[in-house]
2 protein chains.
Amino acid sequence: MNKPARKTRSGARGSITIKDVARYAGVSPMTVSRVVNGSQYVSDATRQTVLQAVRRLGYSPNIAARNLASARGERMGLLYGNPSASYLSEFLVGALDAATRHGVQLVLEKCELTPAASRRAVRRLVSGGAVGAVLPPPLCESTVIRAELQAAHMQIVAVAAGRPPADLMCVRIDDFAAAQEMTRYLLALGHERLGFIKGHPNQSASEERWRGFSSVVQEAGHLPAPRVEQGFFTFRSGLDAARKLLATEPVPTAIFASNDDMAAAVMAEAHRRGLEVPHDLTVVGFDDSLIASTIWPGLTTIHQPIAQMAGEAVDLLVTAVRGGKGHGPVESPHRLVAYELVARESAARPKGTAD
Amino acid sequence: MNKPARKTRSGARGSITIKDVARYAGVSPMTVSRVVNGSQYVSDATRQTVLQAVRRLGYSPNIAARNLASARGERMGLLYGNPSASYLSEFLVGALDAATRHGVQLVLEKCELTPAASRRAVRRLVSGGAVGAVLPPPLCESTVIRAELQAAHMQIVAVAAGRPPADLMCVRIDDFAAAQEMTRYLLALGHERLGFIKGHPNQSASEERWRGFSSVVQEAGHLPAPRVEQGFFTFRSGLDAARKLLATEPVPTAIFASNDDMAAAVMAEAHRRGLEVPHDLTVVGFDDSLIASTIWPGLTTIHQPIAQMAGEAVDLLVTAVRGGKGHGPVESPHRLVAYELVARESAARPKGTAD
DNA sequence: CCCCGCTCTGGTATCGCTACCATCCTCCCG
DNA sequence: CGGGAGGATGGTAGCGATACCAGAGCGGGG
């Protein structure tokens, strides 16, 4: 019999195992496991004892072991490759956090929007062992990607699609309502000559934002018809749109751009024409992307809790994947989260109005 | 004896185990393991057989099991909380990728720069079981954080510190050389009246970039003294600096800002004054952050391979942590990676110069 | 010709945790 | 007061992989 301790247990970090806790608390490892995993079948007294032991010893479960034993640790794909990618960093933070919580692994895969690239990306994901995928915008609009993923029997969650297909799991804000709120905000400030820059026609959120805007304008009734330009969510397209909006009289007193990049472009063009923001022109955006708080004056915009949305997307995915293993389909595959109008310096009452 | 198959193996995804491969290839699981892990002690014939079996069966090792068996799967902390945070998304992509490669878990922790917040963040990291930490800028400059981490016996890798302490593992570009190259680029275009906006005095990269710039200016000899303003890496500070640089004659023909946010501010201010970029004024930045390619005209800047740097940081960390378990200290704890000057539209020959 | 050392391969014992089953005990009901 | 339901606990057997050791085959030096 050669059974010397194979490894010096002392020095190693984080080497406190469930057995140590069990011994310390005077219970069996199983009971500790139950406490740690929040099973109901533990008496309060025992639970307290164990929790104390856990705290005293600084126990933290070994994820690898846990995953191995419980057949968890699935891999979840996150397809990214966002042209207007201010989302990504916050998105990753939220997704990674949720993934850690659930003990699943997050696999990143870059993906262009061409069919060929999509196919390749999905294939890499599949061969990487992913069982589900999170699709941030604008990838969630790609039918090719969706088809490829579904063909591979993957669970999918779309994030921030404006009007998602009913059969798709989805986490989003109410773009329509948010655009309405922003428009009402402009009206409340006293603006009447409004300009609007639409988003990319391929993304369903664009339509929603536009509908929100125009519904409020129509509701108000008395306003002059707003000036509208088509944009494509890029700074450059915003510049072109702004040029048109600002070149011909009557110049709007407020411009609502469908995202922040375009709003920043409007500000740049306004400044070039000698207009001060917000004194001569109010500019508002949508998304609260990085650029909104980077530039000066700061952009009044709609904040999306991107990290939270990404987190919920992963939650949804995990539920779907695990649920699918035994139970029925997921209860409510659509999740609406709260947006927030963030007032910074780029919006004010129109010139010549009392404060 | 009750030994019915506890679980239907068939339906589960990715359930091909090392044993299946071994059986298929007619070897022992150990041999498969050796092949998969690239051990040298496998004959070529066997290796080929096994590899074929792996491919045929679509085998992919179970990370949880692997980590458990080999005592890997450590947790690595990533402290973030970057005020000028264009880094983060690329950074995360690179770090997560490397973490996946090594089979370690990445734990994110947000961290403000105040001592109290730092302490709290580090404590959370420790209690989360992290054994090492990656410090992106500007956190790597904080002595408080470093001290806290070292007190907790964590391995640390700083990323993109301009002049890191010699005893710290570090991945960075040569800020000095990059600034030199950019300055030479401006001179080569024919610019002589230069402006420079310094970075935040608390970050050592600022000093390096400034040194790089001025060394080339001095080398050149014949130039008029450059105009220099202090900035703080923010858009706002760039705006203030630009205002000063552009308000007083002689106005520079080219302005080199120590980062992209400030360079974007210079462009904004230039446009406000009716100067066209690059026709009337050349503007260049540093970092190649998101804003550099968002705005128009695109910013000529120094590209840092952020994802790669983050990945190498994790590599370094893993090596240090695993190495520390048995071997000596890490060989070369400093890693320089290649930067690249990215020429976009914001830099051109000065006005009135032949092309 | 034997022994040593090297390459290559297989067996066995875990890694830390949880699933499942067996057990014990309490309390309620008839 | 016996039997059954169900709460609370412990024992045992893996999850899928690697570490370590043992052993088989082979070539070369003494």
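We use all heavy atoms of the structure for the numbers below, so side chains are in, but hydrogens, waters and symmetry mates are not. Proteins get letters first, then strands, A, B, ... in listed order; numbering begins at 1 in each. The structure presented is a predicted model; accordingly, all values stated were derived computationally and were not measured.
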Whole-Å distance, B:Leu68 CG to C:dA13 P, equals 17 Å
Expressed in angstrom and rounded to an integer, what is the separation of A:Lys19 atom NZ from C:dC15 atom P?
6 Å
Name all residues meeting the side-chain contact (heavy atoms from CB on, under 4.5 Å) criterion together with A:Ala307; count only those two or more places apart in sequence or in a different chain, and write none if there are none.
A:Glu90
Among residues 21-41 of chain A, which residues get a heavy atom nearer than 4.0 Å to DNA chain D?
A:Val27, A:Ser28, A:Met30, A:Thr31, A:Arg34, A:Gln40, A:Tyr41
Verify the contact: side-chain N or O of [X] to OP1 or OP2 of [N], cut-off strictly under 4.0 Å; return yes or no.
X	N	result
A:Arg66	C:dG16	no
B:Ser70	D:dA19	no
B:Ser43	C:dT7	no

End-to-end axis angle, where each axis spans five pairs of the helix from C:dC1-D:dG30 to C:dG30-D:dC1, to 10°
50°
A:Gln48-A:Gln52 side chain donor-acceptor pair, cut-off 3.5 Å
no
Any side-chain donor-acceptor pair under 3.5 Å between B:Arg34 and B:Thr46?
no
Step-by-step side chain to side chain contact (heavy atoms under 4.5 Å, CB included) determination, A:Val171 to A:Val157
CA-CA 7 Å; A:Val171 180; A:Val157 177; 4.2 Å; yes
Between CG of A:Leu316 and CD1 of A:Ile156, what distance do you get to the nearest 0.5 Å?
12.5 Å
